[in-house]
Amino acid sequence: MNLVLFGPPGCGKGTQAKRLVEQRGWVQLSTGDMLRAARSAGTELGNRVAAVMDGGNLVSDEIVIELIEERLPEAEKAGGAIFDGFPRTVAQAEALDKALAARGAQVDRVIRLVVDNDELVRRMAKRAAEEGRADDTVEAFKVRLEAYETQTAPLIPYYTASGKVVEVDGMGSIEAVSAAIATALDD
Ligand code: ADP
């Protein structure tokens, strides 16, 4: 199963991806987590992307595509990949299609978590207090929401055309959203 968890920053992709890892043994491929890991390890790549991330902007397609491609064999072995925070641009979606096709696979399902903007801002403020992420400031979050609207939302028609998108209400409790995702996957 190659599953794309799709939605704006703060919609719950990471939370739900982690639950799916536990429930189904699939591999979570979060480009945000990979980039943060590169930063805390102090790698050259990590240093290069730090300022872009902290401002709320997208890092280059080339970088995230390479990070994802490196992990595809591992996900294949586990029987499932949960793409979380990737793809974020049409170019990334095309690159993913190509990389999967080269392995005789495809994106099987796209689950779109729908959450309204007021709730996103509330969650960001809560996470800022709990985790202290540098891009969880009001200013950077505004940029992230704009990046989502202009660069990532165009993926909705991209994936809808192939009939792969299932919409899930992301406003409920973590358990309720998990249950709705399970239904979407097992239907
Ligand atoms: P969130 O989904 O909460 O916005 P992420 O952890 O997915 O946060 O991403 C944090 C930051 O990492 C993004 O704002 C961006 O700078 C960078 N990033 C993560 N994934 C991508 C991607 N697929 N393409 C470009 N930049 C990315």
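Read the numbers this way: they start at 1 and go in the same order the structure lists the ligands and their atoms. Sequential numbering from 1 along the given sequence is applied to the chain's residues.
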Value rounded to 0.5 Å, distance of CD in Q28 from NZ in K18: 4.0 Å
Closest protein heavy atom (residue, atom, distance) for atom 20 (N) of ligand 1: T31 OG1, 2.7 Å
Just need the protein heavy atom nearest to atom 24 (N) of ligand 1, so name the residue and atom and give the distance. Q92 NE2, 2.9 Å
A95: which residues meet the side chain to side chain contact (heavy atoms under 4.5 Å, CB included) condition with it, sequence neighbours left out? I65
Between L58 and ligand 1, does any nitrogen or oxygen pair lie at a separation below 3.5 Å? no
Side chain, backbone, both or neither: which applies to V64 and ligand 1 if a contact is any heavy-atom pair less than 4.0 Å apart? side chain
Around atom 17 (C) of ligand 1, find the nearest protein heavy atom and jot down its residue, atom name and distance. L35 CD1, 3.6 Å
Could you check whether D54 pairs with R39 (Lys NZ or Arg NE/NH1/NH2 to Asp/Glu carboxylate O, under 4.0 Å)? yes
With heavy atoms of G85 as the reference, note each atom of ligand 1 found under 4.0 Å away. 20 (N), 21 (C), 22 (C), 23 (N)
Does an N or O from D33, backbone or side chain, lie closer than 3.5 Å to an N or O of ligand 1? no
With a 4.0 Å cut-off on N to O distance, would you call R144 and D136 a salt bridge? yes
Tell me, which protein residue and heavy-atom name are nearest atom 11 (C) of ligand 1, and how many Å apart are they? M53 CE, 3.9 Å
For atom 16 (O) of ligand 1, find the nearest protein heavy atom and state the residue, atom name and distance (0.1 Å precision). N57 O, 2.5 Å
Quick one: which ligand 1 atoms are inside 4.0 Å of a heavy atom on D135? 10 (C)
I'd like to know whether ligand 1 has R133 as a neighbour, heavy-atom separation below 4.0 Å. yes
For V177, which fellow cluster members are found when Ile, Leu, Val, Met, Phe, Trp and Tyr are connected by side-chain heavy-atom distances below 4.5 angstrom, either directly or through intermediates? M1, L3, L5, L20, V21, W26, I82, I111, L113, V168, I181, L185
Evaluate V59 for polar contact with ligand 1, using N/O atom pairs at a separation under 3.5 Å. yes
Please report the interatomic distance OG1(T89) to CG(L58), rounded to the nearest 0.5 Å. 7.5 Å
Given K13, M124, R36, M34, identify the one with the heavy atom nearest to atom 6 (O) of ligand 1. R36
Count the heavy atoms belonging to other residues, nucleotides or ligands that lie under 6.0 Å from CD1 of I156, then report whether that count exceeds 12. yes
Pick whichever of R127, R88, R144 has a heavy atom sitting closest to atom 9 (O) of ligand 1. R88
